[in-house]
Amino acid sequence: MQRIVFSELLNRSVNVCKIEAVERTWRDGNVNRYPEGRGENIISYTFTGGKRIVDFEKGTQYALEAPAVVLISKGTPYLSQTELTGGDGMGHTVCIRFALFDDSGEELCFDEPFRLWKNDMDGRILQAFRGVLSAYLATDACPMTVKAKMYELLKLLCIKENDGGLSKAARQILPAVEHIEKYPELNTSVTELAAMCFLSESYFRVQFREYLGCSPTDYRNRLRVEKAQELLDSSLWTTELIAEKLGFCDTSHFYRVYKKIMGTTPRKGRE
């Protein structure tokens, strides 16, 4: 079994399987003990009430107050206890069990027994959890759809985790960065990117260079070349198709940008 850092999920090919999802309600003080740990990873979203998670091995305690997410790695011994303010009402969670493998079939596990997310102010994470649950419960449930929703959830959590350490300046330009990363093939103007962040064009340029060390155009070209290198490894893609797909003006433009960034030509990069 190979151990990985959670954020690695964004940059490697993994296979999520054995997905099961459920929505549960819990009374105050309800306790679930797993002294031997679970036989799979479990990730849960507490959207009403709170939980106290105890690591049996280290004795460490984690307090979760809604909205909060906890990922517990396979085999981690722990205790979970519902805690409600004043003991009124019920606690609510959406829980998902899943296994993780790489492309060679080797099982993957996370390098930390517990991982917590405590901020979901816009509700996007809860929506992603419910997306997995709805796909799983559908009467005509399609395994591919369930997996697709699970990948969306894991990706969102990876992005949220990475965003957590951003400075105020970085957060200001984040909408533009996300747009470029999602649509590197589009030649969105700097004026349009600045408008997405509600910043003046001049201030946006300064903040972008301060955070990423380059201009928006250079950043987009880096992403294009990285994707181009991946496509060059496939015999299905010609340089002409790559140039067209990734938004270059023409093949010559693609060659110039590629050589500027990689120091060699696409032809040699393919070799």
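Residue numbers count from 1 along this sequence.
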Distance from [X] atom [atom1] to [Y] atom [atom2], nearest 0.5 Å?
X	Y	atom1	atom2	value
L223	D218	CG	CG	11.0 Å
T264	Y255	OG1	OH	10.0 Å
K51	T93	NZ	OG1	5.0 Å
L156	F129	CG	CZ	9.5 Å
T76	I42	OG1	CD1	11.5 Å
H253	L246	NE2	CG	11.5 Å

With the side chain counted from C-beta on, respond yes when [X] and [Y] share a heavy-atom pair under 4.5 Å apart, and no when they do not.
X	Y	answer
T82	R27	no
I4	L100	yes
E40	K18	no
F208	V177	yes
W117	L64	no
R220	T188	yes
K155	E152	no
T239	R267	no

Side chain to side chain contact (heavy atoms under 4.5 Å, CB included) partner of I96, the single match among L133, V146, I43: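 It is I43; the other options fail the test.
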Is it true that atom [atom1] of [X] has more than 12 heavy atoms of other residues, nucleotides or ligands lying nearer than 6.0 Å?
X	atom1	result
E36	CD	no
E244	CD	no
M144	CE	no
E8	CD	yes
Q127	CD	no
R3	CZ	no

R224 (side chain) donor-acceptor with P184 (main chain) under 3.5 angstrom: yes
Test item: Y211 side-chain N/O and Q172 main-chain N/O as donor-acceptor pair under 3.5 Å: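 Between the backbone of Q172 and the side chain of Y211 there is no qualifying donor-acceptor contact (under 3.5 Å).
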Looking only at heavy atoms, which two atoms of [X] and [Y] are closest? And how far apart?
X	Y	value
M90	T48	O-CG2, 3.3 Å
L84	G49	CD2-CA, 3.4 Å
L212	R222	O-NH1, 4.2 Å
C158	S7	SG-CA, 4.2 Å
A128	L153	CB-CD1, 3.8 Å
F110	F98	CE1-CZ, 4.1 Å

Audit row: K74, E107, salt bridge (charged side-chain N to carboxylate O under 4.0 Å, His left out) steps and yes/no: CA-CA 11 Å; K74 174 181 177 179; E107 188 169 7; 3.0 Å; yes
Parallel, tilted or perpendicular, as decided by the 30° and 60° cut-offs, for the rings of F114 and Y78: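 If you compare the ring of Y78 with that of F114, the planes turn out perpendicular.
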Mutual orientation of the aromatic rings belonging to F254 and Y258 [parallel < 30°, tilted 30-60°, perpendicular > 60°]: perpendicular
Steps toward salt bridge (charged side-chain N to carboxylate O under 4.0 Å, His left out) verdict (E65, K118): CA-CA 8 Å; E65 293 184 7; K118 298 184 178 182; over 6 Å; no
Pair F248-N221, side-chain contact (heavy atoms from CB on, under 4.5 Å): steps then yes or no: CA-CA 9 Å; F248 291 99; N221 282 337; 4.3 Å; yes
Is it possible for you to say whether [X] and [Y] belong to one hydrophobic cluster, with membership spreading through side-chain heavy-atom contacts below 4.5 Å?
X	Y	result
Y183	I180	no
V14	F6	yes
W26	I72	no
L108	F101	no
I173	Y203	yes

Donor + acceptor pair across side chains of E240, T251 (<3.5 Å):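 On atom types as modelled, these side chains do not qualify, holding no pair under 3.5 Å.
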